Engineer: 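Structure incoming, see below.
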Amino acid sequence: MAVISLLGFLAVMTSLFAFEINDHFMIFFLLVVFLGVTEFYPFPVWRGYTTLSFPIIFTIDLVYGLEVMVVVYALVVLLINVIQKRPLRVVCFNPAQLVLSYLAAKGLMWFVFAVSPVLHELTISSFLIEIILVTSFFYIMNNSIVDLVLLIRPQPYPFVLWKKKSVSEAISFFFSLVYVILLYFLGGQNRGIIDAFSFFFFFSPLIGLALLGASNSRLRKEKNRLKALFLMTKRINKRLTSKNWIQSLQHGIEELLDVEATILWIKEEGEWKSALLEGRINKKNQLDPNDLELDSIVKPTIFPDHRKETSPADAFFEKGLKASVYAPLYIEKELVGMLIVARSRTHSFNEEDSQLINALANQLAVVVKTRLLISEQEKRVVLEERNRIAREIHDGIAQTLAGGIMKLETVKRTWETDPTRSLGTIEDSLEKLRHSLKEVREVIYALRPYPTEHVSLKQAIHKRISILEEEHQVLISFEVRGKPVILDNEVEKVMFDTLQESLQNVIKHADATRVEVLLSYQAEHVLLKIKDDGEGFSLMDAMIKARDGSHFGIISMNEEAKRIEASLQIESSPGNGTVIMLQVPKY
């Protein structure tokens, strides 16, 4: 790159000595403005961009000479690169390689005419052949130089990127060729004086295409960003209650912000923990984020050039990344996380990027805080569940065992005096002990990992029904409708808990002879329905008892249903059985 930059600017300095504009200054000014517009607003083509400036530089060469074109082309491209805040090596390389490509194309054209006398004997105009050769050689030389630089640089140059660039440049070549040929035919006609208005109207479609393409590209880019933000938000909301919610961010931030590396750290109980490391991350780094003094970054901060200003997390990035943005995640003045993104180009983050990153950080702050609250709630639920199990063991199993021990001690004392009564006592004790054994097994089953974590919801329900039928001699039918879909782990857990609580209530209180379970996968919802022909109950009385603390199931099921944005409906009346329906949205 240094050699090409040096040769290119030597050519520019040499051309300065022959730079002269004698007349048609307005036409010259107009062409320079048009050249700047086409270079500043590249035209979008097939997943890429290309400039439409070749017809203009060819016209400058044709009207004012090669030296003027070289100086103007180099200065315009140099100015555009400076305005776009590109790295110094790129600022020097881009105008140099474009100027050298055009000079090489002119040289090759003269060489071809010199060694091929046959070209002078063709019936078509030699100037038309010159136009075709210069255009072709320019694009060949330009792409060859760029390909060479991309191949020898440390970063990989994949075939997909080469194909994308080549297609973009091929489209630009054909468009430029058509335009300069049109210039040849229109210029060959006797249309009177050619003034600034003629050039203006001739190049107006070109400028219009550049401006329209750039505007359309920007709108499409914003549309894609909004789409990416919507999809990522949708995935986050869907997985928010799950422990693996962070997976919804994978590749989403890179696509949304067009960055090459992403770090998300979450602060829990005063300690920084890694949540997401994606892209060009230094995997050999052993630093602890707690040693980086991240709390000192209180607002979104841009580090435009890592070579001049070191950012706290530089060691976590690969060496090629040279610009980064740090966006703290604040909610109600509490720092809950830090989002860091990086790019390989210096000064590549503008104010618009900073605003978008800040908006994303604000949204992630709400998500992280919500997730922390959910985690705390889950811990409380686990604690409450343990207390409930402890109460059930104390009030049920423990009392039964204590009663059985007392009766057996009585039998021990009265066996010799009253064997018949003692046998009756033993039988009664055995029956209660068998019932306690079932309760112990149910408690053990409840303490195991949730079945839905290992098998599908359908399989977990089927297995649980089989166990209950065998233990309690109750007939339970199970039907599945629709095409099963995989739901979030937390959603399936709540559905299974609702089924289990409902069936336990039926077995303990309903005195039912038949229970029907339906799992229906509908278009937008999944329906779980449990219906029995038991005694039924008054829903109002049950709710009052639940508030008093004597019953746990109904309130628990209703709270869990609200947590996953599902609707729970219970229909029951004394003597008419009970129907419990849980309707869960698919998404």
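Being a predicted model, the structure only gives us computed values, none of them experimental.
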Engineer: Could you tell me whether the side chain of Arg343 and the main chain of Asp258 form a donor-acceptor pair under 3.5 Å?
Structural biologist: yes
Engineer: I'd like to check Leu292 versus Phe316 (side-chain heavy atoms, cut-off strictly below 4.5 Å). Are they in contact?
Structural biologist: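 Of all side-chain heavy-atom pairs linking Phe316 with Leu292, at least one is under 4.5 Å.
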Engineer: How far apart are the closest heavy atoms of Ile4 and Val149, and which atoms are they?
Structural biologist: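 Shortest heavy-atom contact: CD1-CG2, 4.4 Å.
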Engineer: Identify the heavy atoms of Ser101 and Met141 that sit nearest to each other, and give their distance.
Structural biologist: OG-C, 3.8 Å
Engineer: Would Ile465 and Leu503 count as a side chain to side chain contact (heavy atoms under 4.5 Å, CB included) if you check the C-alpha gap in whole Å, the side-chain angles of each, and the deciding distance to 0.1 Å?
Structural biologist: CA-CA 9 Å; Ile465 287 175; Leu503 293 179; 4.2 Å; yes
Engineer: What are the two closest non-hydrogen atoms of Val99 and Ala74, and how far apart are they?
Structural biologist: CG2-CB, 3.8 Å
Engineer: To the nearest 0.5 Å, how far apart are CG in Leu527 and CG in Leu582?
Structural biologist: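 Answer for the CG-CG pair, Leu527 versus Leu582, is 8.0 Å.
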Engineer: I need the minimum non-hydrogen distance between Ala361 and Leu329, along with the two atoms involved.
Structural biologist: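 It is O-CG, 3.5 Å.
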Engineer: Salt bridge or not for Lys267 and Glu334, using N-O below 4.0 Å?
Structural biologist: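 So Lys267 does not pair with Glu334 through a salt bridge.
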Engineer: Do Leu79 and Leu75 make a side-chain contact, defined as non-hydrogen atoms from C-beta onward lying under 4.5 Å apart?
Structural biologist: no
Engineer: Would a 4.5 Å heavy-atom cut-off, applied to side chains only, mark Asp353 and Leu257 as touching?
Structural biologist: no
Engineer: Can you give me the closest heavy-atom contact between Val298 and Pro328, atom names plus distance?
Structural biologist: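 Smallest interatomic distance, heavy atoms only, reads C-CG, 3.8 Å.
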Engineer: Kindly indicate whether the side chain of Gln97, heavy atoms from C-beta on, has any atom under 4.5 Å from the side chain of Asn142.
Structural biologist: yes
Engineer: Just do the side chain to side chain contact (heavy atoms under 4.5 Å, CB included) check on Tyr521 and Val480 with the steps written out, would you?
Structural biologist: CA-CA 8 Å; Tyr521 292 92; Val480 179; 4.1 Å; yes
Engineer: Ignoring hydrogens and angles, tell me if any N or O in the side chain of Tyr326 forms a donor-acceptor pair with the backbone of Ala313 under 3.5 Å.
Structural biologist: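 Checked: pair present.
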Engineer: Quick check: does any side chain N or O of Asn143 sit under 3.5 Å from a backbone N or O of Tyr139, one acting as donor and the other as acceptor?
Structural biologist: yes
Engineer: Taking C-beta and beyond as the side chain, do Pro289 and Met338 meet within less than 4.5 Å on heavy atoms?
Structural biologist: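 Of all side-chain heavy-atom pairs linking Met338 with Pro289, none is under 4.5 Å.
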Engineer: Looking at every heavy atom in both Pro304 and Ala323, which two are closest together, and how far apart are they?
Structural biologist: O-CB, 3.4 Å
Engineer: Please step through side chain to side chain contact (heavy atoms under 4.5 Å, CB included) for the pair Val336 and Ile266, ending with a clear verdict.
Structural biologist: CA-CA 6 Å; Val336 296; Ile266 295 176; 5.9 Å; no
Engineer: For the backbone of Glu271 and the side chain of Asn290, can you confirm whether one donor and one acceptor N or O come within less than 3.5 Å of each other?
Structural biologist: no
Engineer: Are any side-chain N or O atoms of Asp314 and backbone N or O atoms of Ser311, one a donor and one an acceptor, separated by less than 3.5 Å?
Structural biologist: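 Present.
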Engineer: Over 60° means perpendicular and under 30° means parallel, so classify the ring planes of His462 and Phe478, tilted if in between.
Structural biologist: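 Tilted.
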Engineer: State the NZ-OG1 distance between Lys493 and Thr498, to the nearest 0.5 angstrom.
Structural biologist: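 The OG1 atom of Thr498 is 9.5 Å from NZ of Lys493, to the nearest 0.5 Å.
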Engineer: Which value, rounded to the nearest 0.5 Å, describes the distance between Met495 atom CE and Gln583 atom CD?
Structural biologist: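 The CD atom of Gln583 is 10.5 Å from CE of Met495, to the nearest 0.5 Å.
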Engineer: Could you measure the distance from the NZ atom of Lys529 to the CD1 atom of Ile580? Nearest 0.5 Å is fine.
Structural biologist: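 One gets 12.0 Å once the value is rounded to the nearest 0.5 Å.
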Engineer: Decide side chain to side chain donor-acceptor pair (under 3.5 Å) for Asp291 and Trp272; before the verdict, give the C-alpha distance in whole Å, the side-chain angles of both, and the deciding distance to 0.1 Å.
Structural biologist: CA-CA 9 Å; Asp291 300 331; Trp272 289 99; over 6 Å; no
Engineer: What I'd like to find out is whether the side chain of Glu260 reaches to under 4.5 Å of the side chain of Leu321, using heavy atoms alone.
Structural biologist: yes
Engineer: Is the shortest heavy-atom distance from the side chain of Val325 to the side chain of Phe303 under 4.5 Å?
Structural biologist: no
Engineer: Roughly how far, to the nearest 0.5 Å, is CG of Leu264 from CG of Leu364?
Structural biologist: 6.0 Å
Engineer: Using a cut-off of 6.0 Å, state whether more than 12 heavy atoms not belonging to Tyr41 lie near its atom OH.
Structural biologist: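 Check fails, neighbour count at 12 or below.
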Engineer: If you count heavy atoms of other groups shown closer than 6.0 angstrom to CG of Leu383, is the number above 12?
Structural biologist: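 Atom CG in Leu383 is packed in, count exceeds 12.
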Engineer: Salt-bridged, Lys562 to Glu559, with N to O below 4.0 Å?
Structural biologist: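 No salt bridge links Lys562 with Glu559.
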Engineer: Taking the side chain as C-beta and beyond, is there a heavy-atom pair between Ser144 and Asp147 under 4.5 Å?
Structural biologist: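 The answer is no; the side chains never approach within 4.5 Å.
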Engineer: Between Leu528 and Val584, does the side chain to side chain contact (heavy atoms under 4.5 Å, CB included) criterion hold? Intermediate values first, please.
Structural biologist: CA-CA 8 Å; Leu528 177 64; Val584 181; over 6 Å; no
Engineer: Rounded to the nearest 0.5 Å, what's the gap from CD on Glu268 to NZ on Lys273? Could you check?
Structural biologist: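 Here the rounded value is 4.5 Å.
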